[in-house]
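Quick notes on the structure that follows.
This one's a predicted model, so the numbers in the text were calculated from it and none came from an experiment.
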Amino acid sequence: MTKIPMMVSLSNKKVVIIGGGQISERKTCRLVEYGIKPTLISPSITEGLRQMIQHYDLNWIKKECSPSDLPYYDVIIIATNCSSVNQMILDHKPKHAWVNATHHASKGEIEFPIALRRGKLQIAISTGGSSPILAKKIKAQLEHDFPEDYETYIDFLHQARSLLKQAKVGSNIRIELLEKIVNKPIYKVEGQKNFLNMLKEQYLFHNKKKH
Ligand SMILES: C[C@@]1(CC(=O)O)C2=NC(=C\c3[nH]c(c(CCC(=O)O)c3CC(=O)O)Cc3[nH]c(c(CC(=O)O)c3CCC(=O)O)/C=C3\N/C(=C\2)[C@@H](CCC(=O)O)[C@]3(C)CC(=O)O)/[C@H]1CCC(=O)O
Ligand SMILES: NC(=O)c1ccc[n+]([C@@H]2O[C@H](COP(=O)([O-])OP(=O)(O)OC[C@H]3O[C@@H](n4cnc5c(N)ncnc54)[C@H](O)[C@@H]3O)[C@@H](O)[C@H]2O)c1
């Protein structure tokens with residue numbers, strides 16, 4: 001079945017990665033970037049993983065994975081190089097858990113698509129297993145359209161929208177103002193400050209004085 005894109009918080013979930021090779025390292029790197037601290041189960045690990053375990057204080061269970069290890073976890077990332085172990089994990093996964101099967105994506109409920117991040121803007125790219133190499137290429141192309149300082153602009157949009165929500169202005173005016181700063185983007189910090197001050201003066205302080 002085609003997977004649906006979804007933004008999900010894993011802050012209250014127990015995440016485990018089984019395997020300690022290159023793919024496990026890549027997944028761990030992605031997860032810690034989002035503040036997630038996975039447990040690792042593997043008899044051996046790469047040097048990169050060893051460093052991340054130390055730096056982020058991750059739990060490494062140094063052993064081969066067995067069925068009794070699995071009930072505790074909500075998200076199980078399969079990343080071993082042994083097909084019988086991968087199958088054993090699929091056969092014994094707890095009913096409530098979501099699996100990411102890095103060896104065979106369609107056998108798991110979830111995938112971790114490559115994503116371009118610019119602060120609160122995230123563009124995730126999936127080719128549904130057709131070509132991870134194309135997904136990587138599309139990300140590289142998008143990097144030109146959304147340069148690194150785009151994060152400041154996204155923060156500005158967020159602040160403007162938060163201010164207007166606070167001000168409780170009518171939805172027509174709110175949408176008109178929000179469309180304006182998207183259709184005629186203000187990239188310069190000075191211009192962004194001026195616009196936010198204008199919003200405060202006209203819609204926030206003005207309303208407060210009235211009541
Ligand atoms: C984009 C990227 C992001 C990332 O991983 O973070 C990513 N794969 C990357 C690279 C890559 N992966 C593979 C090759 C070898 C060439 C080839 O086979 O094509 C290369 C090339 C390379 O290494 O450069 C092999 C491979 N990949 C998957 C399988 C299993 C399967 O197809 O079922 C197999 C076969 C395994 C086997 O042979 O046993 C599955 C997945 N790979 C995905 C993402 C997700 C689907 C994304 C989509 O469909 O768009 C999914 C489902 C992820 C998941 O949830 O794990 C990352 C860029 C890395 C970077 O940024 O450096
Ligand atoms: N999703 C992707 O993008 C992608 C890309 C390439 C490969 N893969 C898949 O990921 C798998 C792992 O690739 P890799 O490069 O990390 O392999 P690798 O050989 O570098 O590492 C495999 C790891 O699995 C561990 N392992 C083996 N048996 C185990 C067991 N019983 N319990 C726990 N850990 C065990 C090993 O100790 C090792 O740390 C590949 O076999 C392939 O199927 C996925």
Side-chain angles (χ1 to χ4, degrees), residues 1-118 120-140 142:
M1 190 186 260
T2 310
K3 292 184 171 103
I4 185 166
M6 180 172 83
M7 308 304 282
V8 60
S9 164
L10 294 180
S11 61
N12 293 320
K13 303 292 178 200
K14 291 197 177 71
V15 181
V16 66
I17 304 181
I18 299 161
Q22 291 309 321
I23 297 304
S24 169
E25 182 176 327
R26 199 158 86 198
K27 295 286 173 206
T28 304
C29 207
R30 284 287 292 288
L31 293 173
V32 295
E33 199 191 309
Y34 285 80
I36 300 159
K37 290 188 167 195
T39 293
L40 292 147
I41 302 179
S42 181
S44 70
I45 52 165
T46 61
E47 179 51 33
L49 275 170
R50 194 178 297 281
Q51 286 174 13
M52 279 191 277
I53 286 167
Q54 266 194 353
H55 189 267
Y56 295 99
D57 194 21
L58 306 180
N59 186 20
W60 171 28
I61 304 174
K62 191 176 175 184
K63 69 192 269 297
E64 295 200 343
C65 181
S66 67
S68 61
D69 293 317
L70 302 173
Y72 308 101
Y73 300 104
D74 303 304
V75 174
I76 299 172
I77 300 172
I78 304 176
T80 87
N81 54 358
C82 177
S83 52
S84 61
V85 176
N86 295 347
Q87 191 54 47
M88 177 279 285
I89 299 166
L90 289 169
D91 293 340
H92 290 89
K93 75 158 196 114
K95 267 215 168 85
H96 72 270
W98 279 349
V99 164
N100 170 225
T102 65
H103 62 298
H104 196 143
S106 65
K107 293 196 174 179
E109 289 82 10
I110 57 170
E111 289 172 29
F112 292 94
I114 195 167
L116 176 82
R117 274 185 92 180
R118 294 292 181 252
K120 291 189 181 64
L121 174 70
Q122 300 200 73
I123 305 174
I125 303 144
S126 168
T127 64
S130 309
S131 172
I133 292 173
L134 175 65
K136 195 172 163 180
K137 187 176 168 195
I138 293 172
K139 182 189 171 190
L142 287 171

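- Within the 4.5 Å cutoff, the side chain of Lys27 has heavy atoms near those of the Asn100 side chain.
- Under a 3.5 Å cut-off, the side chain of Ser24 and the backbone N or O of Gly19 do form a donor-acceptor pair.
- Annotation: Trp60, atom CH2; neighbour count of heavy atoms from other residues, nucleotides and ligands within 6.0 Å is above 12.
- You'll find the side chain of Lys63 reaches within 4.5 Å of the side chain of Asp69, heavy atoms only.
- In terms of heavy-atom proximity, Pro113 sits nearest to Arg30 at O-NH2, 2.6 Å.
- Tyr34 OH: more than 12 foreign heavy atoms inside a 6.0 Å radius.
- Here His104 contributes atom NE2 and Leu90 contributes atom CG; the two are 9.5 Å apart, rounded to the nearest 0.5 Å.
- Here Leu142 contributes atom CG and Ile123 contributes atom CD1; the two are 5.0 Å apart, rounded to the nearest 0.5 Å.
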**Prompt:** Can Ile78 and His103 be said to form a side-chain contact (heavy atoms from CB on, under 4.5 Å), step by step?
**Reply:** CA-CA 7 Å; Ile78 304 176; His103 62 298; 4.0 Å; yes
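- Of the inter-residue distances, the one linking Leu49 atom CG with Cys29 atom SG reads 9.0 Å to the nearest 0.5 angstrom.
- Minimum interatomic distance between Lys3 and Ala105 (heavy atoms only, all atoms of both residues): NZ-O, 3.1 Å.
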**Request:** Please assess Tyr56 against Thr28 for the test side-chain contact (heavy atoms from CB on, under 4.5 Å), listing each intermediate value before the final yes or no.
**Result:** CA-CA 10 Å; Tyr56 295 99; Thr28 304; over 6 Å; no
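- Note that the CD1 atom of Ile138 and the CD1 atom of Ile133 stand 12.5 Å from one another [nearest 0.5 Å].
- Rounded to the nearest 0.5 Å, atoms CE (Met52) and CG (Leu58) are 8.0 Å apart.
- The shortest distance between side-chain heavy atoms of Met88 and Cys65 falls below 4.5 Å.
- Judged by distance alone, the side chain of Gln122 and the main-chain N or O of Arg117 form no donor-acceptor pair under 3.5 Å.
- Counting heavy atoms from C-beta on, the side chains of Ile114 and Lys136 come closer than 4.5 Å.
- Between Val8 and Ile110, every side-chain heavy-atom pair lies at or beyond the 4.5 Å cut-off.
- Here the side chain of Ser42 pairs no donor or acceptor atom with the backbone of Ile45 at under 3.5 angstrom.
- Closest approach of Lys139 to Leu116, counting heavy atoms only: CE-CA, 4.2 Å.
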**Prompt:** Yes or no on side-chain contact (heavy atoms from CB on, under 4.5 Å) for Asp57 and Lys37, after CA distance, side-chain angles and deciding distance?
**Reply:** CA-CA 8 Å; Asp57 194 21; Lys37 290 188 167 195; 4.2 Å; yes
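- Heavy atoms only, all atoms of each residue included: Ala79 and Ile17 are closest at CB-CG2, 4.3 Å.
- Around the NE2 atom of His55, the shell of radius 6.0 Å holds no more than 12 heavy atoms that belong to other residues, nucleotides or ligands.
- Shown here for Lys93 and Ile76, the closest heavy-atom pair between the two residues is CB-CD1, 4.3 Å.
- Summarising the geometry of Glu25 relative to Thr46, their closest heavy-atom pair is OE1-OG1, 2.6 Å, with the distance given to 0.1 Å.
- Taken from CD in Glu111 to OG in Ser106, the straight-line distance is 8.5 Å, to the nearest 0.5 Å.
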**Request:** Step by step, work out the side-chain contact (heavy atoms from CB on, under 4.5 Å) result for Ile18 and Leu70.
**Result:** CA-CA 10 Å; Ile18 299 161; Leu70 302 173; 3.8 Å; yes
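- When the options Ile41, Asn59, Asp74, Val75 are evaluated for a side chain to side chain contact (heavy atoms under 4.5 Å, CB included) with Val16, the one that passes is Ile41.
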